[in-house]
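Encoded as structure tokens, the structure appears first; notes follow it.
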Amino acid sequence: MNVRRSAAVLAAVAVVGAATPAAADPSPSPSQAFPSALYGDKDPKFDGVWRQSLALLAQDTVGVKPAAKSVEWLVRQQCADGSFAPYRADPTAACDAKTMVDTNQTAAAVQALTALGGHDAVTGKAVTWLKSVQNKDGGWGYTPGGASDTNSTSVVIGALTAAGEKPEQVEKGGKSPYDALLKLALGCAGDDAGAFAFQPDKKGKLAANADATAAGVLGALGQGMVVKPGKKSEATGATKGETCEDEKTPEQAAANGAAYLTKALAKDGHLSSALAGADPQPDYGNTADAVVALAARGDTGQAEKSLSWLEKNASAWAAQNGPAAYAQLIFAAHATGTDPRDFGGTDLVKQLNATGPAPQTAEKTRAADEKSDSDSDLFGVWWYVGVCLVAGVGIGFLFSGRRNRQQL
């Protein structure tokens with residue numbers, strides 16, 4: 001008998017006159033630190049909209065309909081001017097100069113809400129805002145007015161494409177996003193040939209950055225975070241375009257970046273990163289992004305090898321980092337035609353869903369179960385009441401019989 005049924009029975013017994021003491025009210029549960037509609041349990045101050053957007057986009061990618069309240073939470077995070085901040089604890093309060101809006105959260109929200117459909121007004125305002133903060137070199141920085149960087153420019157390109165815009169036609173001062181990306185691409189000389197830099201350093205020099213390169217390849221291809229499963233370039237799944245050429249076109253920049261990523265991944269199957277003074281460690285997130293970038297070009301040979309490495313090694317990382325990490329792995333699996341529900345023995349979709357509200361299909365199932373349980377409770381209650389009444393009548397006859405015998 002579950003808790004609800006026990007409580008219902010106690011209430012029914014009280015109705016028929018049983019001397020049952022009232023159950024003490026349970027202690028109120030502590031208020032949640034963050035909204036129940038939000039995916040992930042870590043402080044959303046810096047990544048709330050980002051991880052929510054990735055979670056919803058990943059669910060949509062695998063045919064899961066997100067919880068309505070989670071979608072609504074994301075929609076309500078938008079400021080009146082169309083921008084998104086990482087997290088607004090009180091979405092009813094107007095955004096002001098102190099609200100730290102940025103291009104990355106805004107572009108991610110556009111990609112998610114466009115995929116889900118039915119939010120044209122929201123995404124339209126967001127795209128208008130993104131266009132309004134485009135830099136004169138054609139790119140975007142993380143925050144409005146910040147120097148253009150490869151990652152921000154690329155995620156905005158993905159948003160523009162998702163919203164039906166043609167990125168090459170979105171210009172500021174005659175410069176498009178692709179002009180900005182080409183300026184951030186390294187040439188074909190040296191060990192870092194073909195890579196993208198995040199930003200120029202103070203002296204204007206470019207340094208190869210694997211994370212920026214993965215983003216740059218997708219941006220140069222005009223793609224967002226979700227790409228169609230790549231077609232193998234050969235029966236063996238070989239990688240194409242492994243040489244670097246200095247032709248300054250978005251397509252060639254993407255090919256050059258893919259060649260750099262292939263070379264970087266070939267040794268261990270993964271990318272690495274290191275903090276100052278520390279030994280390099282596997283970079284699971286960037287490796288997943290690199291898989292998506294390579295698959296977007298059809299460079300499936302190395303993409304599939306690195307995907308296999310992720311299947312064997314990324315579960316603990318994803319569990320520690322939550323919804324955005326699960327989403328990145330789902331995007332990588334989808335891009336290579338791999339089943340994310342059997343990812344090295346892990347069901348990524350189930351794990352992602354568990355970090356937030358149950359999807360709508362699960363909500364309906366749960367509602368049906370609760371109704372059935374409620375009906376069962378009701379039947380159980382009145383069955384118990386009937387037993388109590390019968391028992392009461394029997395006890396009454398027993399007492400009456402005793403009195404009659406005593407009188408004789």
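Treat the numbers as computed from the prediction; the structure is a model and nothing was measured.
Between the side chains of Ser315 and Thr346, at least one donor N or O sits under 3.5 Å from an acceptor N or O. In the model, Gln302 has a side-chain atom that pairs as donor or acceptor with a side-chain atom of Ser306 under 3.5 Å.
When all heavy atoms of Ser176 and Glu168 are compared, the pair lying nearest together is CB-O, 3.6 Å. Nearest heavy-atom pair, Gln111 versus Leu57, reported as atom, atom and distance to 0.1 Å: O-CD1, 3.8 Å. Scanning both residues, Lys175 and Gln134, for their nearest heavy atoms gives O-NE2, 3.9 Å. The shortest non-hydrogen separation linking Trp140 to Thr103 is CD1-CG2, 4.0 Å. Across every non-hydrogen atom of Gly269 and Thr287, the tightest pair is O-CG2, 4.0 Å. When every heavy atom of Gly222 is checked against every heavy atom of Thr161, the shortest pair comes out as O-OG1, 3.0 Å.
You'll find the side chain of Ser70 reaches within 4.5 Å of the side chain of Pro357, heavy atoms only. Residues Val71 and Leu113 form a side-chain contact, since some pair of their non-hydrogen atoms from C-beta on lies under 4.5 Å apart. Counting heavy atoms from C-beta on, the side chains of Leu56 and Tyr39 come closer than 4.5 Å. You'll find the side chain of Leu352 reaches within 4.5 Å of the side chain of Gln59, heavy atoms only. A heavy-atom distance below 4.5 Å is not found between the side chains of Ser154 and Asn151. Between His119 and Thr114, the closest side-chain pair of non-hydrogen atoms is not below 4.5 Å.
Between Phe34 and Tyr87, the ring planes are perpendicular. Angles over 60° get that label, and only those under 30° would be called parallel.
Formation of a donor-acceptor pair under 3.5 Å by the Asp201 side chain with backbone atoms of Gly204 is found in this model. Proximity of a side-chain donor or acceptor of Gln52 to a complementary backbone N or O of Ala37 within less than 3.5 Å is detected. Using modelled atom types, one side-chain atom of Gln78 and one backbone atom of Val122 make a donor-acceptor pair closer than 3.5 Å. Under a 3.5 Å cut-off, the side chain of Glu311 and the backbone N or O of Gly344 do form a donor-acceptor pair. Side-chain atoms of Thr300 never come within 3.5 Å of backbone atoms of Ala303 as a donor-acceptor pair (strictly under, hydrogens ignored).
Among Asp102, Thr143, Asn104, the one residue that satisfies the side chain to side chain donor-acceptor pair (under 3.5 Å) test with Ser152 is Asn104. Checking each of Leu221, Leu218, Val227 against Arg297 for a side-chain contact (heavy atoms from CB on, under 4.5 Å) leaves exactly one that passes, namely Leu221.
Sparse packing is recorded around NZ of Lys45, with 12 or fewer heavy atoms of other residues, nucleotides or ligands lying under 6.0 Å away. Shown here is Phe46, whose CZ atom has no more than 12 heavy atoms of other residues, nucleotides or ligands within 6.0 Å. Asp347 CG: more than 12 foreign heavy atoms inside a 6.0 Å radius.
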* Audit row: Asp283, His270, side chain to side chain contact (heavy atoms under 4.5 Å, CB included) steps and yes/no -> CA-CA 7 Å; Asp283 193 324; His270 62 81; over 6 Å; no
Output side-chain donor-acceptor pairs under 3.5 Å for residues 181-195, partner residues at least two apart or in another chain, one line each.
none

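For an aromatic pair to be called close, the ring centres must be under 6.0 Å apart, and Phe84 with Trp50 fails this.
At a threshold of 4.0 Å, the pair Arg51-Asp47 counts as salt-bridged, since one of the basic side-chain nitrogens sits closer than that to a carboxylate oxygen.
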